[in-house]
Amino acid sequence: MVADGRGGDSGRGGDRGRGHGAASDGAVGGGRPGAKASRPAVAEDPLVPVSWEVALDLVAGKLAALRAEHGPGSVAVFGGGGLTNEKAYALGKFARTVLQTPNIDYNGRFCMSSAAAAANRALGADRGLPFPLADVGGADVVLLLGSNLAETMPPAVQHLTGAREAGRRGRGGLVVVDPRVSATAKLTDDGAGVHLQPVPGTDMVVLLGLLHVILAEGLADRAYLAERVTGFDDVARSVAAWWPERAETVCGVPAEELRRVARLLAVAAPANGGRGAYVLTGRGVEQSAQGTATVTAAINIALALGLVGREGSGYGAVTGQGNGQGGREHGQKSDQLPGYRKIDDPAAREYVAGVWGVTPESLPGPGKPAVQLLQSLGARPRPATASSGTAPGGTAPGTMSPGPGAREPGRAETRPRALLVHGSNLIVSAPNADSVADRLRSLDLLVVCDFVPSETARLADVVLPVTQWAEEEGTMTSLEGRIIRRRRATDAPGEARSELWILAELARRLGTPGQTVPGSVRFPTDPAEVFDELALASRGGVADYSGLSHARLDADEASGGPGLFWPVPAAPVPTPGSVVGGSSGHPGTPRMFLDGFPTPDGRARMIAVDHHGPSDDVRPGAPLYLVTGRVLQHYQSGAQTHRVTELERLVPEPYVEIHPVLGFRIGVPDGARARLTTGRGFVEATARWTDAVRPDTVFMPFHWSGVGSVNRVTTDATDPISGMPEFKVCAVEVAPVPDGLPPGTAPGRAPGTRPESAPTLEETPA
């Protein structure tokens, strides 16, 4: 059998390697449904090979029975940012037309959701980089917040060379904001730039202090603000309270360093004769309970300096997963329809329903974002509350069109009893992961589609082997909004199948209740045909692909073209004999916002925000900050990279970085075992002494499972707007592990159990 591609920030990568142990059949675990409450982290019952017919009949039969007894809301879907655009689109369509459930989200909620929410409300559109990545190389200054590009995206480092050279010439530089001296932070050495090392969780204070200096010293682009921006006055009043000396007392960055960086940015701005400046955000500032607000503060700086919508300058978010951009544009998110349309927009519902061949009323309303969806899993009843089931931004499911999966006021919430997982390893990638594992064990049915076995797949009732990147056709969308063709390089082993085929087979067995006429809802298995339907469904949306097709993408590549960046709308009115998405047409939009913003008045919006700090801040009993991240040798939850001998040899086990001063003070020598305890439980790892971390901070990468899986102790507190969990910072106690104590064993407590005072997901408000 083949199982899931793990996700740490989550899921399969666009450059994933081939899985081992592929076999021809799906696999069904015997005798597990109904007895999951006592199931261990990895199921004891072996998965046994069965035919596709048997596996799909079992899945369809169980889903149909649950829907009949408990309603459509009893079924949930969890997708992945590594799926092709075609598969992401088909999965969203399947959830809403076949299952008719609002319960769909994906692991991109752990990755890009805060940046997406901030960009949508400030600029009117979320495209990670609204400009080609190569443009960054021409700027004098690049402000990089919370991103370790040198280890997580090494090819992108070449585009930082221009800013680094400008720094050495004394006219700019690379500015890295990170509490660690990461490999990327070291790129600022030798005069190439500036490394700001704030207290974890205070990145927003750095940004508020920078904007205060820009405004106080008259460095803003007033003409740009008057012509292209609203909300400036409110923001100016709000940052007046964050003069550099006050900011220093909170974030720890010296006031003069804040002034220096603000002036570097201003001098590089086009309005002041500079070659350009970019403000870029990454997961380090976005994976926070105030992630949307922090990205908003970054956008405010870019707008104040007149950077956005000017060639050679701008704001952008560095997307993490292989198809992190395209994966969120066409229906995997709980509140979206294809083309980045909102699911509670009546016009959007009517249009997409027409493309799909269903009635608008049959489509469910918005669902829950990922963390809340995971919290809701399982058969145990949960009383309805005013907040349960509320989507990010405060939109309650069914507010405008409840759909068949919505909950009636005053009635207990329908909890998902079945979960279909596509390309995510939740047991390693989700926050407060032990509680997530508990919820997965309580399901009546867990189905995992992937191509390598993961911890989540080994817990599943049914594992369906699917094709991977080198075995399939399709498209993906880069962090800069460029649509890229993926081509099959080799045949899939055995009888592995694409998700397109699996979804079509399940749809055939389950039917489509909301269809307007029999047979109106189709699930093609040819990726080119699926893309044509995706393009039509996206027409008129923010992420408009309607002028594209596989044929046009192939022709552009064959001719050495520059690539096609969305939006790429089709001709407004097709003429006789024309082909929508043909070989010619709209050239695409490499650089967005040059002529205005896709907002009602065509202006960008500055929005006042303020700092509130981490949800789980340091305190007696947990006096240190825990920050998490990646290493160069491993990807996400390691489902693929742990199978590569050379990579595993280089970094074979989890570790925790500890400053030597802290290590000496708490009695954890270099190379010794350390235990990290938070309000969710504890993990263990080998201590590495290094001055790359602050003395008040420890760092752990998240690529491992078991006792060294750091996401077992990260907090599942979420951003109130984006639903992003606060992976990147929480309070922790660090202590030595007594000699002779078996790994994972705490004195007086069974291995892996949580402290008695720690809340479970059942006790934590959604």
Side-chain angles (χ1 to χ4, degrees), residues 148 151 176-186 188-189 195-202 248-254 257 284 613-614 616-633 650-704 706-715 728-749 755:
N148 185 12
E151 292 195 83
V176 175
V177 180
D178 196 318
R180 293 176 66 223
V181 185
S182 66
T184 306
K186 291 177 182 178
T188 65
D189 292 347
H195 175 210
L196 304 182
Q197 200 170 1
V199 174
T202 64
E248 178 182 351
T249 65
V250 178
C251 70
V253 176
E257 285 291 274
D616 184 12
D617 212 342
V618 293
R619 57 191 180 277
L624 302 170
Y625 292 104
L626 168 63
V627 298
T628 67
R630 310 184 193 188
V631 298
L632 175 64
Q633 294 81 3
L650 292 170
V651 189
E653 64 177 3
Y655 62 88
V656 54
E657 292 184 351
I658 299 177
H659 194 281
V661 170
L662 174 62
F664 180 80
R665 179 169 63 81
I666 64 177
V668 178
D670 185 31
R673 284 168 59 203
R675 176 175 295 123
L676 288 72
T677 304
T678 74
R680 276 71 57 193
F682 70 89
V683 294
E684 293 176 4
T686 300
R688 290 187 182 180
W689 280 18
T690 174
D691 60 2
V693 292
R694 298 165 50 99
D696 60 356
T697 301
V698 296
F699 166 82
M700 272 192 73
F702 55 69
H703 309 291
W704 287 270
V707 71
S709 178
V710 71
N711 278 333
R712 291 173 53 221
V713 299
T714 52
T715 176
K728 282 296 183 276
V729 60
C730 66
V732 65
E733 179 185 33
V734 182
V737 176
D739 290 340
L741 192 68
T745 303
R749 191 188 311 154

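This structure is a prediction, so every number in the text was calculated from the model and none was measured. Basis for what follows: all heavy atoms, side chains included, without hydrogens, waters or symmetry-related copies.
- Counting only distance, with no hydrogens or angles, the side chain of H195 and the backbone of K186 share no donor-acceptor pair below 3.5 Å.
- Residues forming a salt bridge (charged side-chain N to carboxylate O under 4.0 Å, His left out) with E657 (at least two apart in sequence, or on another chain): R180.
- The two residues P669 and A687 come nearest to each other via the heavy atoms O-CB, 3.7 Å.
- Summarising the geometry of P614 relative to V729, their closest heavy-atom pair is CB-CG1, 4.0 Å, with the distance given to 0.1 Å.
- Considering all non-hydrogen atoms of both residues, V732 and Y625 come closest at CG1-C, 4.0 Å.
- The shortest side-chain heavy-atom distance between P623 and V618 does not fall under the 4.5 Å cut-off.
- Under the 3.5 Å distance criterion, the side-chain polar atoms of R694 are matched with a main-chain donor or acceptor of Q197.
- Between the CG atom in L624 and the CG atom in D696 there is a gap of 7.5 Å [rounded to 0.5 Å].
- Between D617 and A731, the shortest heavy-atom contact is O-CB, 3.3 Å.
- Considering every non-hydrogen atom in both E248 and P254, the closest pair reads CD-CA, 3.7 Å.
- You'll find the side chain of V177 reaches within 4.5 Å of the side chain of P198, heavy atoms only.
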task = Apply the test side chain to side chain contact (heavy atoms under 4.5 Å, CB included) to residues T697 and V627: give CA-CA distance (whole Å), side-chain angles for both, the deciding distance (0.1 Å), then the verdict.
result = CA-CA 7 Å; T697 301; V627 298; 3.8 Å; yes
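- Among all heavy-atom pairs drawn from A674 and V737, the shortest one is C-CG2, 3.8 Å.
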query = side chain to side chain contact (heavy atoms under 4.5 Å, CB included) between E151 and T184: does it pass, once the steps are laid out?
reply = CA-CA 8 Å; E151 292 195 83; T184 306; over 6 Å; no
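- Each of L626, L662, V656, L676 was checked for a side-chain contact (heavy atoms from CB on, under 4.5 Å) with V734, and the lone residue meeting it is L676.
- In terms of modelled atom types and a separation under 3.5 Å, the side chain of R675 and the main chain of R673 share no donor-acceptor contact.
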